[in-house]
Every structure is written in C-alpha cells, then in structure tokens.
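What follows is a short report on a single structure.
A, B, ... follow the sequence lines: proteins, then strands. Residue 1 opens every chain. On a predicted model such as this, the values are computed, not experimentally measured, just so you know.
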Amino acid sequence: MSALMIRDLHKRFGSVDVLKGVNLDIESGEFIVLVGPSGCGKSTLLNIVAGLEKPSGGTIEIGGRMVNDVAPSDRDIAMVFQSYALYPSMTVRQNITFGMECRNVPRAARDKAVEHVSKLLQIEPLLNRKPSQLSGGQRQRVAMGRALVRDPLLFLFDEPLSNLDAKLRVEMRAEIKQLHARIGTTIVYVTHDQVEAMTMATRIAVMHHGEVQQFADPETIYNRPANLFVARFMGAPPMNTLPARVDGGRVMLGDGSVALPIDAVGLGARDVVLGIRPECIAEPGRRFGDAAPLIIKARVEMIEPTGAETIVTLRLAGEKMIGRVAPDVRLAVGAEAEFAIDVRKLCLFDPKTERLI
Amino acid sequence: MKLNLRRLPEYLVIWVPLLLAAGQIVTFALWTTWISFTSATLMPSGDWVGLKNYTNVLATRNWKIAFDNLLIFGFGFVVLTALTGLFLAILLDQRIRGENVLRSIFLYPLALSFVVTGTAWSWLLNPGMGVQKLVNDLGWTGFRFDWLVDRDMAIWTIVIAGIWQSSGFAMALFLAGLRSVEPDLVKAAQIDGAGPFRLYTRVILPSLWPIVIAVMVILIQTAIRTFDLVRALTGGGPGIATQLPALVVYDFMFQRGQLGRGSAAAVLMLLTLAAVLLPYGIWKYVQRRRAANA
C-alpha cells in the first residue's frame with residue numbers, strides 16, 4: 001500500500017517558486033529522508049504534507065486518501081518539530097495526551113496510551129515535569145512520545161536532531177532508527193545533514209531548487225548519483241568532480257597527463273565530468289576487490305589527520321582532488337607520492353546537463 | 001575610583017537629573033509623611049499629633065466612599081481593560097489587512113491626557129447633549145443613558161472612559177506577547193486537533209501570563225492614582241458619589257486647608273500602591289534569581 005503519494009506538487013510564495021512539481025511515491029513502512037541544503041523546499045514540502053500550508057497545485061494522498069482539503073488533525077499524521085514545540089504550560093503527560101484530549105478520548109484510554117509510550121521511550125520518571133525542567137535530549141524524547149501516542153499512518157520529522165549536541169545527535173539517530181524498526185510506521189524525515197540521511201533512510205529524496213534531484217536507496221544515491229548536485233552534496237568530504245575526456249576504454253583527466261581505464265563502450269570520444277569518491281584514492285598498499293590496483297603519482301598539497309584516517313589534498317593532472325589514506329601512511333606536503341585508485345566506482349557526468357551518463 | 005574627566009558629560013547627564021528627581025520624590029514623600037503626623041493646616045507646620053490625622057481621615061464618609069469607589073473602579077477598570085485589550089489583540093493577531101492602521105487607532109487614546117478623555121466623555125455621556133440625546137433624536141425617545149448623573153452608576157462612567165483610554169495599551173502589550181508565541185507551538189496544536197478556543201485557552205494564553213501580570217500591575221497603579229479623569233469627567237460628583245482617594249487628598253489639602261489630614265490620606269494611598277507593587281517587585285526578583293540559577 002502506498003503510504004504517501006505526492007503528485008506534481010507546486011508551491012509559490014508570491015513570485016518565488018519554492019516547489020516546482022514534486023512527485024514522490026512512498027510505500028508503507030518506509031523511512032524516507034528528504035535532504036537538501038537550506039532553502040531547497042524540503043520543510044515546505046513537509047508542511048504541505050502535514051496540512052499546515054496549502055499547495056499552489058498538485059495532489060497529496062495519505063494512505064490512498066486525497067487529503068488536499070483535509071485538516072491537519074484529520075490526516076492521520078503526527079509531527080516532530082525541530083524546536084520540539086512542547087506546550088510550555090503543560091506537564092509532559094499533558095503534552096502527550098493533548099491530542100487525545102482534543103479528540104475526546106476517554107481518560108482510561110489516555111492513561112493506557114501514555115503508559116505504553118512512556119515505557120517505550122523511557123520517559124516515565126518525567127511525566128509530571130514541565131518542559132522547562134527537561135534537558136534537550138529529554139525534550140526530544142517527549143516530542144517523539146507525543147507523536148508516537150497518536151499511532152498515525154505517517155510520522156513527519158522536521159529536522160528533529162538539529163538542536164542537539166553532536167554526541168546526543170548520534171545517540172538519538174540510532175534510537176530513531178531502532179524505533180522505526182520496531183513500530184514499522186512510515187516516516188518522512190527532513191534534514192540538511194547528509195549523514196543522517198545515509199544512516200537512517202530506506203530511501204532518500206535529495207532536493208535542490210524545489211525539485212527532487214534523485215529519489216533512491218542510500219547506496220544508489222551514494223554510488224550512482226543522478227547528477228553533479230547529488231554527487232557533490234552527499235558524502236563528506238564530497239565527491240571529487242573534474243573535467244575529463246573519454247576515448248575508447250580510457251578516461252583522460254584534466255590536462256590529459258593521467259588516463260584511467262574505464263568501461264565506457266559506446267560513448268565514443270567526448271568530454272565528460274569525472275566523479276571519484278575520496279575513499280577511491282588511497283595509499284598504494286590498499287586492495288580494491290580482486291583486481292590489481294591502479295597506481296598513479298600525484299603531488300601532496302595538504303594533509304589533515306583525523307585519527308581514523310588522513311584526508312589528503314593532492315594535485316592530479318592539474319586538478320585538485322581529495323583522497324583518504326590510512327593514518328599510518330607518512331606523506332610529505334609538496335612531494336610526489338603514489339596512490340592507489342579504485343576504478344570500479346568512477347562516475348561520468350555530462351558536462352552540459354550535469355546528469356549521470 | 002578615579003574620576004575620568006572625559007566622561008564628565010556622561011556623569012552630569014545621568015547623575016544630576018537622577019539626583020534631582022530622586023531628591024524631589026524621596027524628599028517630598030518623607031516630608032509628606034512627616035506632615036501627616038502633625039497638626040498642620042494651611043501652612044506645613046504644626047505639632048506632633050501621632051496617628052490622629054489617620055484615624056480622622058479613616059473615619060470620614062468622604063474617605064470611605066472614595067475607597068469603596070476605588071475598589072469598584074479598580075476592579076472594573078483593570079479587569080475590563082485587560083479583557084478588552086486581550087480581545088482586541090487576539091482579533092488583530094489573525095493576520096488581518098490594515099493591522100497597522102487599526103493598531104494606531106486603538107493605541108491613539110493613550111496619547112491623550114486623562115483630562116482630554118474625561119472632558120470628551122463628559123460631553124458624550126451628558127444626557128442632554130451626548131449619546132442619549134443622539135438616540136432620542138433618532139426616534140427612540142424612551143432611551144435613557146444617564147449614568148453620569150446617577151449616584152449609583154456614575155462611577156461606571158469613569159470605568160468606561162478609563163477602558164477607552166487604556167485598552168489600546170493593554171492590547172499592544174498582549175499583541176507583542178501573542179506574536180512572541182513560537183509558531184511551531186501553533187502548528188503542533190493544529191496537528192493535535194485543537195480548535196481556536198482550545199488553542200488560545202490551553203496553549204497560547206498560558207504562555208502569556210507574565211504579560212498579564214505586568215499589564216495588571218500597571219493598570220492597578222494607574223487606577224490607584226487616578227485623579228485627572230474623575231476631575232474632568234464628574235468632578236467627583238454627583239455630590240461625592242465618584243470620589244477617589246486622590247480627589248480626597250486634593251480636597252483636604254487645597255480646598256479645606258487641612259495639610260495634615262491630606263498628607264495622611266496621601267500616605268494611605270502610597271501604602272495601597274506599595275501593597276500592589278512590592279509583591280510584584282519581589283516576584284520579579286525571585287523570577288530573575290531563578291532564571292540566573294537555572
């Protein structure tokens with residue numbers, strides 16, 4: 001069953017096109033992450049799905065039902081906000097039950113639901129506190145409890161982890177993922193953090209300029225990005241992209257001084273943009289699969305040890321590239337060094353359309 | 001601390017007016033308090049008489065009526081002004097067109113002095129030339145609106161004029177409060193299915209209560225020291241039906257030449273004010289301490 005179907009959705013604010021024809025089909029039980037830089041329209045899209053904003057055109061179906069003219073409270077959704085949006089004058093318990101209170105759910109049923117959710121999220125000791133007495137992580141949990149208690153068809157998360165510190169963010173990330181695995185309800189999750197997108201999603205919709213650039217599972221997004229924007233946005237450090245030219249079974253980089261073998265039959269001879277992930281450039285001892293590694297020489301321009309690995313900026317065929325080598329490799333800045341290249345994961349893009357070839 | 005000559009103008013600008021103002025207020029408050037314990041009549045001098053002035057003032061019918069009126073006026077004015085202001089603020093908060101114009105219109109009475117307000121309303125409420133005359137002339141000849149000359153209702157004309165003058169001020173403060181409510185809270189309540197009434201009573205208004213208290217305190221102290229409005233609107237009449245404590249002070253001091261009793265009445269007013277402002281000050285202090293510790 002389709003949990004959420006978005007057809008040709010448009011949104012204009014005055015003369016600004018915020019959403020330019022978004023189409024998404026989301027299956028029941030999926031964990032969808034909408035990711036993109038700020039201003040790409042992802043939060044507007046989520047607000048429209050929630051019914052908090054009206055679309056300028058297009059349709060939205062939740063659970064097979066057209067909801068364009070349905071009030072937010074009747075859409076069978078629950079939402080978690082970046083600011084948590086806990087009602088400051090109410091206790092945690094009242095925050096969680098406010099929705100049921102509005103729907104006139106009997107008290108016994110409310111109490112039972114609160115008990116269930118607070119056990120699930122381990123917030124039982126907090127039930128009688130006010131939001132101002134809670135830490136950021138606790139507020140986050142309560143906000144999730146308020147959404148969970150609804151037992152909706154669709155959860156909407158609007159950058160729920162952005163206000164937490166780095167350590168807590170990683171913890172909550174894992175917790176949300178486990179929660180999804182346990183309850184199985186469809187989630188649409190908005191974030192600008194591509195790590196959150198990669199770690200949690202079953203499918204990712206990368207958005208830019210009000211359009212969905214690519215909608216696919218994380219592996220496809222990472223390894224076969226549909227265009228240069230997706231290639232550069234997903235992954236940290238980002239994918240190296242540099243002008244190149246294919247000719248037969250080879251691709252010539254930059255000024256043509258370096259050539260890599262590539263399976264590009266049928267392309268003929270043409271200009272391309274080559275995309276190569278930093279982890280595909282490593283120290284010469286590294287083995288990529290069974291094939292003998294391709295070794296190239298490049299000048300080291302900068303090294304950034306992170307402990308687990310060393311990020312190295314190098315100049316290859318006149319172009320700047322980033323590689324990731326093992327931390328124990330000694331590199332001298334300014335000197336030539338050898339690197340192993342993984343040629344299995346090269347991506348070619350059309351320089352004009354910027355699309356993957 | 002070494003006096004920095006280059007900052008002398010700053011010291012002058014701050015300290016001279018401050019000392020003058022403080023000196024004036026504190027000196028005269030203390031002097032008034034002193035006189036209230038003496039037998040001063042026309043001149044501010046006399047013998048120590050202890051609490052005699054106070055017992056005298058408290059026993060007069062004038063003071064009793066003034067204090068009863070203050071209770072009616074204070075309660076009616078404060079509660080109704082706050083409610084009117086809140087109502088206007090909620091209406092203005094609905095993202096309507098022409099909000100700026102309406103806001104200015106509602107705030108404008110605040111720019112007038114109470115004397116102007118009182119005079120204008122004394123015409124409007126005058127049965128022979130105001131609202132009653134207008135309605136009568138329109139054909140409803142039996143219409144009566146003569147509270148201004150009605151002993152029992154006259155105090156409410158002051159309440160009406162006070163509300164007209166001050167509700168714009170309450171509205172402005174409440175509107176600022178409503179605008180500072182986090183938009184996500186409203187969205188969350190919409191998703192929870194709260195209707196407009198529940199949205200305001202359960203989510204928005206509870207977060208406004210610090211502003212409610214601030215508005216109340218300002219209005220209460222306005223009510224306690226009200227003088228000019230009554231003076232211009234009813235002159236304290238009919239008879240002494242709309243006396244307020246400030247008019248009694250004026251009456252004792254400058255009409256009857258009883259400075260000692262007038263001062264005693266003034267000190268009683270000061271104590272009433274303190275009874276309102278001190279708890280508020282302590283509450284604010286505790287709040288700030290708690291915020292600093294949190």
Side-chain angles (χ1 to χ4, degrees), chain A residues 43 46-53 67 70-91 94-105 110 130-135 139 142-147 149-150 152 154-160 162-163, chain B residues 82-83 86-87 89-90 93-100 173-216 283-294:
Chain A
S43 286
L46 198 72
N47 279 336
I48 291 176
V49 171
L52 300 168
E53 279 178 47
V67 293
V70 177
S73 53
D74 298 328
R75 291 190 174 195
D76 206 0
I77 53 160
M79 190 157 172
V80 178
F81 296 87
Q82 178 177 1
S83 61
Y84 317 133
L86 298 177
Y87 310 121
S89 57
M90 300 185 203
T91 63
Q94 288 167 328
N95 262 285
I96 293 174
T97 57
F98 185 63
M100 290 187 277
E101 184 191 320
C102 293
R103 292 193 301 279
N104 296 316
V105 174
R110 281 191 232 169
K130 291 276 179 72
S132 59
Q133 297 167 297
L134 303 178
S135 69
R139 282 177 208 190
V142 174
M144 282 184 7
R146 187 172 63 181
V149 81
R150 181 92 190 246
L154 194 61
F155 281 120
L156 306 176
F157 284 77
D158 189 5
E159 308 221 12
S162 304
N163 286 359
Chain B
L83 284 179
L86 183 60
F87 183 65
I90 289 175
D93 193 34
Q94 308 303 315
R95 314 260 163 222
I96 53 167
R97 227 171 291 172
E99 186 198 309
N100 286 335
L173 287 194
F174 283 132
L175 189 59
L178 289 174
R179 288 287 149 83
S180 66
V181 169
E182 202 192 317
D184 277 356
L185 277 183
V186 179
K187 290 185 185 175
Q190 274 178 303
I191 290 177
D192 270 339
F197 181 75
R198 208 191 297 256
L199 173 66
Y200 275 98
T201 52
R202 293 296 309 279
V203 178
I204 295 180
L205 295 184
S207 63
L208 278 190
W209 64 274
I211 293 180
V212 173
I213 290 181
V215 169
M216 290 288 187
W283 176 74
K284 287 294 268 188
Y285 176 75
V286 170
Q287 287 260 306
R288 217 172 304 143
R289 279 286 293 270
R290 211 178 282 161
N293 289 340

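- Nearest heavy-atom pair, A:P88 versus B:S207, reported as atom, atom and distance to 0.1 Å: CG-CB, 4.4 Å.
- With a 4.5 Å cut-off on non-hydrogen atoms, A:L156 does not touch chain B at all.
- Residue B:E182 touches chain A through its side chain alone, counting heavy-atom pairs closer than 4.5 Å.
- Residues of residues 94-101 of chain A lying under 4.5 angstrom from chain B, judged on non-hydrogen atoms, are A:F98, A:G99, A:E101 by number.
- The two residues B:A188 and A:R146 have their closest heavy-atom pair at CB-NH2, 3.6 Å.
- Nearest approach of A:M90 to B:V203, heavy atoms of both residues: CE-CG2, 4.2 Å.
- Rounding to the nearest 0.5 Å gives a distance of 9.0 Å between CG of B:L185 and CZ of A:F81.
- For the residue pair A:R150 and B:I191, the shortest heavy atom distance occurs at NH1-O, 2.9 Å.
- For the atom pair OH of A:Y87 and CD1 of B:I204, the computed distance is 10.5 Å after rounding to the nearest 0.5 Å.
- With a threshold of 4.5 angstrom between heavy atoms, A:D158 does not approach chain B through any atom at all.
- Options A:C102, A:A85, A:G51, A:S89 differ in how many heavy-atom pairs under 4.5 Å they form with chain B, and the most are formed by A:C102.
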